[in-house]
Amino acid sequence: FTDMLSGSGVSVHGGVFTNTSNASTTVWQFDGQTGSYLSTTARPSTRDINLNGLTITCWLKQNAGNDGYIVAKTSSTGMTAFYALRSVATQSQLVFQYREVGRLVGSSDIVISGVAFLPGVWYHVAVVAHVRSMALYVNGVRHSTHSLTGYIGDIDRSSVDRLYAGARPLTANSEFSGDLHSLRVYAQALTNFDIALLAGVDSGPLHFAPACRCPPSHPIIPSLTAQNCVTLTDDGSVQRLTSNSKDVGF
């Protein structure tokens with residue numbers, strides 16, 4: 001994965017401040033003013049997304065009235081968004097934007113309603129896109145699921161430009177107002193259990209059931225009554241982030 005809020009390849013623009021130089025505990029504070037954002041060095045989109053999956057995760061604490069981009073992958077001019085995640089606090093919404101190959105203008109927007117983040121409160125947010133579906137997790141718990149207009153592999157991955165946090169450059173009123181921590185982009189769809197781990201949620205130990213007919217190496221989800229084994233085939237299933245990952249459904 002890529003933790004875009006740390007490392008030597010991150011540039012600071014405008015009114016963005018940090019509480020520490022320790023990358024593992026760095027909290028970036030965005031003032032919401034024009035020209036305030038972070039950017040990486042040039043990077044191909046193929047590092048961020050594969051043909052079956054994409055996951056964006058972060059901790060965020062937004063200010064009242066925030067209407068800004070958490071992360072955006074754009075063209076060199078900033079006019080085209082290949083994929084992006086925006087928080088619209090005034091409407092209690094998150095918006096996932098993506099651009100399909102061959103699209104002439106604009107992007108497809110998945111508007112997720114009912115995302116009521118209280119100002120000044122930390123939340124863990126994860127957006128997982130897999131094949132033709134997308135799921136939002138808040139604090140390690142699935143909030144909602146949505147359908148993409150096409151396959152995740154149809155997203156235009158031709159961009160080799162920067163990845164931005166806290167704004168979509170050259171887009172009016174796009175600056176994020178609040179704090180971000182551990183903003184990560186994975187070129188795969190993480191499982192429920194992976195998301196819970198990142199959010200600090202204890203999902204309990206692994207269990208193995210005699211009724212499970214899958215190979216012994218397949219763990220099943222924590223519920224002792226559940227009989228769903230992790231799928232490890234190549235038919236579009238989700239790869240496990242760690243050996244403890246389980247429950248691929250989302």
Side-chain angles (χ1 to χ4, degrees), residues 1-5 24 45-60 70-71 73 83-85 94 96 98 110 112 114-115 122-148 150-155 157 180-250:
F1 72 92
T2 297
D3 186 343
M4 73 154 299
L5 299 187
S24 63
S45 290
T46 50
R47 285 181 55 185
D48 307 329
I49 181 172
N50 66 25
L51 295 178
N52 288 317
L54 164 71
T55 302
I56 301 171
T57 71
C58 73
W59 286 93
L60 67 80
I70 297 169
V71 63
K73 176 68 171 181
Y83 69 82
L85 182 63
L94 283 179
F96 176 61
Y98 61 97
I110 304 295
I112 309 169
V115 188
W122 281 104
Y123 295 89
H124 186 266
V125 175
V127 169
V128 183
H130 179 240
V131 188
R132 296 193 66 172
S133 300
M134 192 203 78
L136 169 67
Y137 291 82
V138 178
N139 291 336
V141 178
R142 186 174 63 191
H143 173 278
S144 55
T145 58
H146 309 267
S147 297
L148 303 178
Y151 290 96
I152 189 70
D154 293 336
I155 293 182
R157 300 188 299 157
L180 293 176
H181 174 54
S182 297
L183 174 56
R184 298 174 175 179
V185 179
Y186 298 80
Q188 68 182 72
L190 300 189
T191 68
N192 303 33
F193 189 67
D194 296 328
I195 298 300
L197 287 175
L198 292 173
V201 176
D202 184 2
S203 295
L206 293 174
H207 296 288
F208 294 87
C212 180
R213 298 177 184 273
C214 297
S217 60
H218 289 202
I220 67 170
I221 59 178
S223 173
L224 291 174
T225 61
Q227 304 297 320
N228 298 322
C229 292
V230 171
T231 301
L232 298 179
T233 62
D234 295 325
D235 58 358
S237 61
V238 177
Q239 295 182 356
R240 296 185 297 171
L241 179 63
T242 73
S243 59
N244 291 323
S245 301
K246 48 192 178 292
D247 186 10
V248 299
F250 60 82

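- S182 OG to L198 CG: the interatomic distance, rounded to the nearest 0.5 Å, is 9.0 Å.
- Evaluation of the side chain to side chain donor-acceptor pair (under 3.5 Å) rule for H143 yields no partner, not counting sequence neighbours.
- The shortest side-chain heavy-atom distance between Q188 and L190 falls under the 4.5 Å cut-off.
- The nearest pair of heavy atoms linking I195 to A126 is CD1-CB, 3.6 Å.
- In this structure, CH2 in W122 is found 7.5 Å from CG in L60, a value given to the nearest 0.5 Å.
- Annotation: the span from H130 atom NE2 to T55 atom OG1 amounts to 9.5 Å, rounded to 0.5 Å.
- Using a 4.5 Å heavy-atom threshold, the side chains of V125 and L136 count as touching.
- Summarising the geometry of Y151 relative to R132, their closest heavy-atom pair is CD2-CG, 3.2 Å, with the distance given to 0.1 Å.
- For A129 against A189, the heavy-atom pair with the smallest separation is O-CB, 3.7 Å.
- One finds the CZ atom of F96 at 11.0 Å from the NE2 atom of H146 (value rounded to the nearest 0.5 Å).
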Under the criterion side-chain contact (heavy atoms from CB on, under 4.5 Å), I'd like the reasoning laid out for Y98 against L54: C-alpha separation, chi angles, the key distance, then a yes or no.
CA-CA 11 Å; Y98 61 97; L54 164 71; over 6 Å; no
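- Counting heavy atoms from C-beta outward, Y123 and V115 have side chains that stay 4.5 Å or more apart.
- Counting only heavy atoms from C-beta outward, the side chains of L94 and I110 never approach each other to under 4.5 Å.
- For the atom pair CG (D194) and OH (Y186), the distance works out to 8.0 Å, reported to the nearest 0.5 Å.
- Between V201 and G140 the shortest heavy-atom distance is CG2-CA, 4.2 Å.
- L180 and I70 make their closest contact through CD1-O, 3.9 Å (heavy atoms, listed as atom of the first residue, atom of the second, distance).
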